[in-house]
Amino acid sequence: MANQEEIFKKIISHAKEYGFVFQSSEIYDGLSAVYDYGPYGSELKQNLKTYWWKAMVQLHEEIVGLDSAIFMHPTTWKASGHIDAFNDPMIDNKDSKKRYRADVLVEDYCAKIEAKIDKEIKKAAKRFGDSFDEATFRSTNPRVLGYQEKIETILSRLGKSLEAEDLGDVKALIEELEIACPVSGSKNWTEVRQFNLMFGTKMGSTAEGSTDLYLRPETAQGIFVNFLNVQKTARMKIPFGIAQTGKAFRNEIVARQFIFRMREFEQMEMQFFVAPGDEMKWYEYWKETRMKWHESLGFGQEFYRFHDHEKLAHYANAAADIEFKFPFGFKEVEGIHSRTDYDLSKHQEFSGKKLQYFDPERNEHYVPYVVETSIGLDRLFLLVMSQCFKEESYKTGDREETRTVLNLPPFLAPVKASIMPLVKKDGLPEKAREIFKKLSLNFSVQYDEKDSIGKRYRRQDAIGTPFCITVDHDTVDSNTVTLRDRDNMTQERISIDSLEEKLRSKVSMEAQLGSLI
Ligand code: GAP
């Protein structure tokens with residue numbers, strides 16, 4: 001079996017070959033860590049966004065939406081702390097001249113130890129067979145316990161050094177662990193320095209009259225500065241939330257792993273405004289609610305875990321990540337943060353405008369506390385692609401065949417059904433187009449007549465289309481078509497009149513959304 005690295009490479013080339021994700025400005029050799037979404041990628045991304053929006057806004061009477069601008073008044077970023085504190089610790093290797101995030105070098109070192117644990121577990125599982133109990137093995141095997149302790153010691157020291165901004169100790173840790181530059185192989189490092197992640201730009205036509213602006217590094221601030229506008233116009237009572245999706249920009253030092261860490265990306269964020277003192281209750285509520293949302297995608301609980309933060313961002317009093325098991329290990333896909341009243345208080349201070357709420361039940365004015373849920377849409381996209389990409393072998397008669405298939409949950413699939421005339425004559429294309437036109441009113445469907453039917457099935461499997469509808473010579477007389485299921489490759493003959501209902505029952509979001517209420 002291919003190893004995880006090879007699988008990940010295959011996913012990246014599949015994403016390009018089948019029109020999901022392209023390198024930005026590829027004809028000019030690309031722009032590092034910036035990507036474009038192709039015909040199927042943009043549909044899948046849109047479906048993910050819709051699923052998030054429906055679950056967060058449509059299903060919650062206490063949450064409303066917002067679409068704030070990317071450009072914001074520059075004082076926003078002074079108030080939010082991003083100008084002073086939105087930094088990553090970086091270190092350069094003097095031989096390769098490559099720049100790295102110092103904390104990521106240490107985390108990658110720990111990931112290698114974690115890979116050793118996985119290896120021990122695999123070995124033991126093979127040795128003990130059915131009687132193997134992973135939990136007991138993890139908690140008793142001396143070698144695994146040793147590795148685990150080493151990881152904990154390293155990460156705890158890293159967390160403490162970063163918290164105390166002791167960059168000298170971060171460098172000392174890198175040296176003690178003898179971490180080498182992956183490119184030059186040398187341990188010839190510079191000091192660790194802080195690097196601000198915001199992109200600057202200018203607004204205005206003349207050099208003297210222009211204003212320095214930043215491209216927003218998170219969508220959240222657009223929500224904070226609109227807090228009262230939304231609360232008053234939508235007549236919201238605390239606790240309530242404001243949700244928005246949109247682009248964010250970060251000058252990441254190390255942008256890699258395809259669309260996992262990008263310089264331009266999309267966030268889906270929700271700020272939940274609560275009374276002071278209630279924030280921990282809501283923090284727990286949102287941790288659980290968001291994990292349930294992830295599980296509703298149907299990929300299995302074992303692929304997710306929480307990671308509670310030791311080092312907190314400048315605005316938070318509690319924070320956890322929801323991590324997913326990507327082909328390159330467990331990594332953050334979403335953050336749940338208890339942001340206290342930090343942001344609203346700061347905007348109040350810097351703008352001189354009151355950002356308070358009158359609570360009729362408490363009969364008092366206060367600056368609300370905020371619990372935030374923040375998920376990266378591109379990272380979610382990568383999660384789905386990683387989980388659904390499969391290379392399968394199967395039998396046709398005596399022949400062993402292989403296919404590449406994206407087992408996308410049908411409600412997320414870019415194309416719900418492909419309508420195919422068996423041959424390009426005898427009136428079959430006309431009939432197929434008639435069906436296409438009818439279904440296209442409600443579903444994203446495709447008309448496909450090129451190549452043999454087998455090749456067409458393979459192509460649809462590769463983009464994750466859950467159903468293929470084939471129009472053949474019996475169609476005209478019997479008003480029926482064959483409906484092929486992507487996952488088990490079986491075909492059934494069904495009446496054209498029942499197609500719409502059948503598709504609706506299989507591809508709508510209703511069942512998944514239903515599991516959330
Ligand atoms: N408003 C809070 C906030 O922005 P964050 O943990 O920095 O918190 C939230 O980001 C989510 O945004 C992350 O969990 C991740 O999914 C996504 N994200 C952050 N930086 C990213 C990047 N460079 N590329 C892609 N996604 C990113």
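Counting convention: from 1, in listed order, for ligands and their atoms alike. Predicted model only: the values in this text are computed from it and were never measured.
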Peer 1: Please state which protein non-hydrogen atom is closest to atom 17 (C) of ligand 1 and give its distance, to 0.1 Å?
Peer 2: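 The answer is G376 CA, 3.6 Å.
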Peer 1: I need the minimum non-hydrogen distance between I253 and P89, along with the two atoms involved.
Peer 2: CD1-O, 4.4 Å
Peer 1: As an exercise, identify every atom of ligand 1 less than 4.0 angstrom from a heavy atom of E334.
Peer 2: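 Once the distances to E334 are compared, the set is 14 (O).
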Peer 1: I want to know if ligand 1 touches Q267 in the polar sense, i.e. an N/O pair below 3.5 angstrom.
Peer 2: yes
Peer 1: Quick test: of every protein heavy atom, which one is nearest to atom 25 (C) of ligand 1, and how far off is it to 0.1 Å?
Peer 2: F260 O, 3.2 Å
Peer 1: Closest by any non-hydrogen atom to atom 19 (C) of ligand 1: pick that one out of Q271, H337, R250.
Peer 2: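 Going through Q271, H337, R250 one by one, R250 has the nearest heavy atom to atom 19 (C) of ligand 1.
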Peer 1: Is the positively charged end of K45 above the ring of Y37, judged by distance under 6.0 angstrom from the centroid and angle within 45° of the axis?
Peer 2: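 Judged by the rule (NZ or CZ under 6.0 Å from the ring centre, within 45° of its axis), K45 counts as positioned above Y37.
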Peer 1: How close does the nearest protein non-hydrogen atom get to atom 18 (N) of ligand 1, and which residue and atom is it?
Peer 2: F265 CE1, 3.5 Å
Peer 1: Where does R261 meet ligand 1, judged by heavy-atom distances below 4.0 Å: at the side chain, the backbone, both, or neither?
Peer 2: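 Both backbone and side chain of R261 come within 4.0 Å of ligand 1.
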Peer 1: Can you tell me how the ring of Y285 sits relative to the ring of W282, calling it parallel under 30°, perpendicular over 60° and tilted otherwise?
Peer 2: perpendicular
Peer 1: For atom 9 (C) of ligand 1, grab the closest protein heavy atom and report residue, atom and distance to one decimal in Å.
Peer 2: S374 OG, 3.0 Å
Peer 1: Does R250 qualify as a cation-pi partner of F265, given the criterion of NZ or CZ under 6.0 Å from the six-membered ring centre and within 45 degrees of its axis?
Peer 2: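 Negative - R250 is either too far from the ring of F265 or too far off its axis.
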Peer 1: Looking only at heavy atoms, is any part of R263 under 4.0 Å from ligand 1, and if so is it the side chain, the backbone, or both, or is it neither?
Peer 2: neither
Peer 1: What atoms of ligand 1 come closer than 4.0 angstrom to any heavy atom of E218?
Peer 2: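 So the answer, numbered in order with elements, is 1 (N), 2 (C), 3 (C), 4 (O).
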Peer 1: May I ask whether H309 places a heavy atom under 4.0 Å from ligand 1?
Peer 2: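 It does not, in that no heavy atom of H309 comes within the 4.0 Å cut-off of ligand 1.
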Peer 1: Hey, would you say the F258 and Y35 ring centroids sit under 6.0 Å apart?
Peer 2: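 Yes; Y35 has its ring centre under 6.0 Å from that of F258.
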Peer 1: Considering heavy atoms of the protein only, find what lies nearest to atom 14 (O) of ligand 1 and give residue, atom and distance to 0.1 Å.
Peer 2: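 Ranked first by proximity to atom 14 (O) of ligand 1 is E332 OE2, 2.5 Å.
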Peer 1: Closer than 4.0 Å to some heavy atom of E372 - which atoms of ligand 1 meet that?
Peer 2: 1 (N), 2 (C)
Peer 1: Name every donor-acceptor pair, under 3.5 Å, that has one atom in a side chain of residues 58-66 and the other anywhere in the protein, sequence neighbours excluded.
Peer 2:
unit_1, atom_1, unit_2, atom_2, d
Q58, OE1, K54, NZ, 3.4
H60, ND1, A55, O, 3.1
H60, ND1, M56, O, 3.1

Peer 1: Of the backbone atoms (N, CA, C, O) and the side-chain heavy atoms from C-beta on, which set of R339 has a member under 4.0 Å from an atom of ligand 1: side chain, backbone, both, or neither?
Peer 2: side chain
Peer 1: Using a strict 4.0 Å threshold on nitrogen-to-oxygen distance, state whether E288 and K292 make a salt bridge.
Peer 2: no
Peer 1: Taking the cut-offs as 6.0 angstrom to the six-membered ring centre and 45 degrees off its axis, would you call R305 and F330 a cation-pi pair?
Peer 2: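 Ring-cation test returns yes.
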Peer 1: Return yes when V333 approaches ligand 1 closer than 4.0 angstrom through a heavy atom, no otherwise.
Peer 2: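 Yes.
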Peer 1: Quick one: ring pair (Phe, Tyr, Trp, His ring centres under 6.0 Å) partners of F358, sequence neighbours excluded?
Peer 2: H365
Peer 1: Would you say P217 has any N or O atom under 3.5 Å from an N or O of ligand 1, going by distance alone?
Peer 2: no
Peer 1: Using a 3.5 Å cut-off on N or O atoms only, is M262 in polar contact with ligand 1?
Peer 2: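 Such a contact does occur with ligand 1.
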Peer 1: Is the NZ or CZ atom of R290 positioned over W286's six-membered ring, under 6.0 angstrom from the centre and within 45° of the axis?
Peer 2: no
Peer 1: Please list the nearest protein heavy atom to atom 15 (C) of ligand 1 with its residue and the distance rounded to 0.1 Å.
Peer 2: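 Sorting protein heavy atoms by distance from atom 15 (C) of ligand 1 puts R379 NH1, 3.5 Å first.
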